[in-house]
Amino acid sequence: MKRNTRLQSLLPLLWLLVIPVLNIFYMVLNHGGEQVYNLMTDLDNAIPFLPVFIIPYVLWYPFLIGVFVLLCLKNRSIYYQTLLAVILGLIGSYLIYYVFQTTVPRPELHNNGILIQMVKGIYTLDGPYNCFPSIHVMTSYLLWIGARSCHAIPSSVKMIIGAVSWSIIISTFFVKQHALLDAVGAIILAEMVFRIAALLLRQLFGYRPAVTVRHVQEQQKPMP
């Protein structure tokens with residue numbers, strides 16, 4: 001009985017499959033067009049290329065899953081709000097990519113060390129487009145504010161999540177995947193969709209998720 005209950009508690013994680021489905025649009029849009037913009041500034045150009053930052057960059061993938069599992073187990077309402085915010089953020093990002101495509105110049109890679117090989121792998125899998133806003137930054141920021149909004153997560157764990165989130169955000173600059181404006185746009189988008197997700201869930205399901213980390217309300221009604 002206990003095992004069945006635990007499995008049922010994890011069923012909402014199936015909604016995470018929406019993310020890879022939406023990723024199809026990312027691949028379709030990840031190319032140049034008639035007009036591609038470059039948002040690099042002098043400050044961006046002053047940031048050195050440091051291949052060691054590819055480690056936190058690729059940690060984004062297990063980090064995304066891990067924090068969502070934690071939120072699902074600790075507070076279902078905040079889990080749904082954060083997931084819906086990510087979905088809305090992805091849709092908003094893809095719409096921006098469609099009408100305002102940007103690129104980031106990449107450095108020439110001459111070394112054959114393991115870190116350089118990891119960077120080459122990312123460069124091969126992910127074209128130098130779909131930069132503004134940064135999905136890495138947007139999702140990492142949303143997971144951070146989602147975790148901060150959950151009373152059931154210990155403060156020490158929140159600190160770890162925050163440290164990993166910001167290391168991922170910073171890594172996007174040092175591996176030359178994004179410009180500073182890409183991160184600024186992503187954070188603004190994240191703040192917007194986190195609030196929009198709260199409003200939608202309140203209207204659709206009649207409960208009050210966390211609108212901001214300063215106005216956290218625990219789950220009022222069980223989600224389906």
Side-chain angles (χ1 to χ4, degrees), residues 19 22-23 25-27 29-61 63-64 67 82 85-86 88-109 115-116 118-148 159-196 212-213:
I19 295 176
L22 286 175
N23 192 54
F25 295 97
Y26 181 92
M27 303 305 295
L29 294 168
N30 194 14
H31 59 78
E34 294 182 1
Q35 183 69 57
V36 178
Y37 299 90
N38 185 336
L39 301 183
M40 295 287 284
T41 64
D42 290 339
L43 183 56
D44 287 295
N45 293 325
I47 297 175
F49 168 67
L50 298 176
V52 68
F53 277 93
I54 196 62
I55 296 175
Y57 187 86
V58 298
L59 278 178
W60 176 81
Y61 301 95
F63 176 72
L64 186 75
V67 176
T82 306
V86 167
L88 293 174
L90 290 175
I91 294 173
S93 297
Y94 298 156
L95 290 174
I96 294 173
Y97 300 157
Y98 181 73
V99 300
F100 184 72
Q101 185 61 265
T102 61
T103 187
V104 171
R106 290 172 168 176
E108 295 184 8
L109 304 177
L115 294 177
I116 292 295
M118 291 173 65
V119 174
K120 287 181 178 179
I122 292 298
Y123 284 3
T124 300
L125 293 173
D126 187 11
Y129 305 102
N130 292 354
C131 298
F132 178 88
S134 166
I135 288 178
H136 254 63
V137 173
M138 186 262 300
T139 51
S140 298
Y141 188 84
L142 281 173
L143 291 174
W144 178 54
I145 60 178
R148 287 173 59 196
M159 290 179 62
I160 294 173
I161 292 174
V164 176
S165 294
W166 283 100
S167 67
I168 292 172
I169 291 171
I170 293 171
S171 74
T172 64
F173 311 134
F174 288 102
V175 295
K176 300 301 177 180
Q177 281 289 86
H178 289 286
L180 293 170
L181 288 176
D182 299 337
V184 172
I187 291 173
I188 293 174
L189 177 62
E191 290 284 355
M192 291 173 57
V193 294
F194 196 70
R195 288 162 172 78
I196 292 172
T212 68
V213 295

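Please read all numbers here as calculations on a predicted model, not as lab measurements.
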Measure across [X] and [Y] and return the closest heavy-atom pair with its distance rounded to 0.1 Å.
X	Y	result
Ala190	Leu142	O-CD2, 3.4 Å
Asn38	Pro105	ND2-CG, 3.5 Å
Met118	Val58	CE-CG2, 3.9 Å
Ser134	Thr172	OG-CG2, 4.4 Å

> Passes side chain to side chain contact (heavy atoms under 4.5 Å, CB included), Tyr94 versus Asn23? Steps please.
Replying inline: CA-CA 9 Å; Tyr94 298 156; Asn23 192 54; 4.3 Å; yes
Just wondering, do [Y] and [X] contact through their side chains at under 4.5 Å, heavy atoms?
X	Y	result
Val175	Ile122	no
Leu180	Leu43	yes
Ile19	Leu90	yes
Phe174	Pro48	yes
Ile47	Lys176	yes
Leu50	Phe173	no
Leu115	Phe53	no
Phe63	Ile161	yes

For the pair [X] and [Y], name the ring-plane relationship: parallel under 30°, tilted 30 to 60°, perpendicular over 60°.
X	Y	result
Tyr26	Tyr97	perpendicular
Trp166	Trp144	perpendicular
Tyr57	His136	parallel
Phe100	Tyr37	parallel

If you measure from [atom1] on [X] to [atom2] on [Y], what distance do you get to the nearest 0.5 Å?
X	Y	atom1	atom2	result
Ile55	Leu59	CD1	CG	7.5 Å
Leu88	Met138	CG	CE	9.5 Å
Thr102	Met40	OG1	CE	11.0 Å
Ile145	Arg195	CD1	CZ	7.0 Å
Ile170	Ser140	CD1	OG	11.0 Å
Asp126	Cys131	CG	SG	8.0 Å

For the backbone of [Y] and the side chain of [X], can you confirm whether one donor and one acceptor N or O come within less than 3.5 Å of each other?
X	Y	result
Asp44	Thr41	yes
Ser93	Pro133	no
Gln177	Val104	no

>> Does His178 form a side chain to side chain contact (heavy atoms under 4.5 Å, CB included) with Leu39? I'd like the steps, not just the answer.
In response: CA-CA 9 Å; His178 289 286; Leu39 301 183; over 6 Å; no
> With a cut-off of 6.0 Å (strictly less than), are more than 12 heavy atoms of other residues, nucleotides or ligands near CZ of Phe25?
Replying inline: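 Atom CZ in Phe25 is not packed in, count stays at 12 or less.
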>> For Phe49, I'd like to know if atom CZ has over 12 heavy atoms of other residues, nucleotides or ligands within 6.0 Å.
In response: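 Count over threshold, so yes.
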> Should Leu29 and Tyr129 be marked as a side chain to side chain contact (heavy atoms under 4.5 Å, CB included) after you check the CA-CA gap, both sets of side-chain angles, and the distance that decides it?
Replying inline: CA-CA 8 Å; Leu29 294 168; Tyr129 305 102; over 6 Å; no
